[in-house]
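Worksheet: one structure, shown below.
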Amino acid sequence: MGQYRCRFFTIKELVNPALLARIGEETAWRIFDPRLLKLADDIRRKYGPCTVNANGLVDCGLRDPLSATGAKYSMHKTGRALDLHIRSIELEFAGNRVGKAKAYNRVREELLMLPQFDVLSFESNSKEYPGGIPWLHCDTGNRDNRLYTA
């Protein structure tokens, strides 16, 4: 699949601003896994408007590999992960983390059933969020299980 540029997301929304300023837009697009970008657009088509880095968030897309944010070998640092925030879920469950996590759990379950998303893995919960991650983390990492705990 050659270089893919998102239809629904700008590079400024997909990359940490300090990193983008340092490496530039062309390099940033080349770092991303094109499958991830295409599937992010597909998720947007399916669920409606989504954001990545917005509303004060800066590390939901491509992160600086030298940053202390997240895991040392995070897929975010290699252009293989995005945290999507689906507007309808964010609005319906604003301030209700439990409701939001349940809604995103349903989205993960739906996406796992659709063959077009079979290259994506989904972080489902973590130590900080044992009941479910209140956003849609998806990545193209090489994993044993497509639904995993961080």
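Nothing here was measured: the structure is a model prediction, and the numbers come from that model.
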Determine whether a donor-acceptor pair (N or O, by modelled atom type, separation under 3.5 Å) exists between the side chain of [X] and the backbone of [Y].
| X | Y | answer |
| --- | --- | --- |
| N145 | L147 | no |
| E123 | H137 | no |
| R63 | D59 | yes |
| T78 | M75 | yes |

Name every donor-acceptor pair, under 3.5 Å, that has one atom in a side chain of residues 85-93 and the other anywhere in the protein, sequence neighbours excluded.
| from | atom 1 | to | atom 2 | distance (Å) |
| --- | --- | --- | --- | --- |
| E90 | OE1 | K100 | NZ | 3.0 |
| E90 | OE2 | Y104 | OH | 2.7 |

Inset, instruction - Salt-bridge test for D42 and K38: reply yes if a basic N is under 4.0 Å from a carboxylate O, no otherwise. - result: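 K38 and D42: salt-bridged.
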
Which atoms form the tightest heavy-atom contact between [X] and [Y], and what is the distance?
| X | Y | result |
| --- | --- | --- |
| G79 | L36 | O-CD2, 3.7 Å |
| L82 | G61 | CD2-CA, 3.7 Å |
| I43 | F117 | CG1-CE2, 3.6 Å |
| N53 | L14 | ND2-C, 3.9 Å |
| D41 | C6 | OD2-CA, 3.3 Å |
| G141 | S121 | O-OG, 4.0 Å |

Compare all side-chain heavy atoms of [X] with those of [Y] and state whether any distance is below 4.5 angstrom.
| X | Y | value |
| --- | --- | --- |
| L136 | L111 | yes |
| K46 | L114 | yes |
| R106 | K102 | yes |
| F9 | C50 | yes |
| L20 | K12 | yes |
| F32 | R80 | no |
| L112 | R146 | yes |

Same hydrophobic cluster for [X] and [Y], using side-chain heavy-atom links shorter than 4.5 Å among ILVMFWY?
| X | Y | result |
| --- | --- | --- |
| V107 | V98 | no |
| L62 | L39 | yes |
| V58 | L84 | no |
| L120 | I31 | yes |
| V119 | Y148 | no |

Legend entry - Over-ring placement of R108 relative to F122, 6.0 Å and 45° cut-offs: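 No, R108 and F122 do not form such a contact.
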
Inset, instruction - State whether the number of non-hydrogen atoms from other residues, nucleotides or ligands found under 6.0 Å of R7 atom CZ is greater than 12. - result: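 No - once you tally the heavy atoms of other residues, nucleotides and ligands closer than 6.0 Å, there are 12 at most.
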
Inset, instruction - May I ask you to check whether D64 and N16 show a side-chain donor-acceptor distance below 3.5 Å? - result: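 No - no donor-acceptor pair under 3.5 Å links their side chains.
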
Legend entry - Spacing of CG belonging to L66 relative to OG1 belonging to T69, to within rounding of 0.5 Å: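 So the gap between those two atoms works out to 11.5 Å.
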
Legend entry - Residues which pass side chain to side chain donor-acceptor pair (under 3.5 Å) with R5, listed by chain and number, not counting sequence neighbours: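 Partners of R5 under the side chain to side chain donor-acceptor pair (under 3.5 Å) test: Q3, E26.
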
Can I get a per-line list of side-chain donor-acceptor pairs under 3.5 Å for residues 127-135, giving both atom names and the distance, sequence neighbours left out?
| from | atom 1 | to | atom 2 | distance (Å) |
| --- | --- | --- | --- | --- |
| W135 | NE1 | D83 | OD1 | 3.4 |

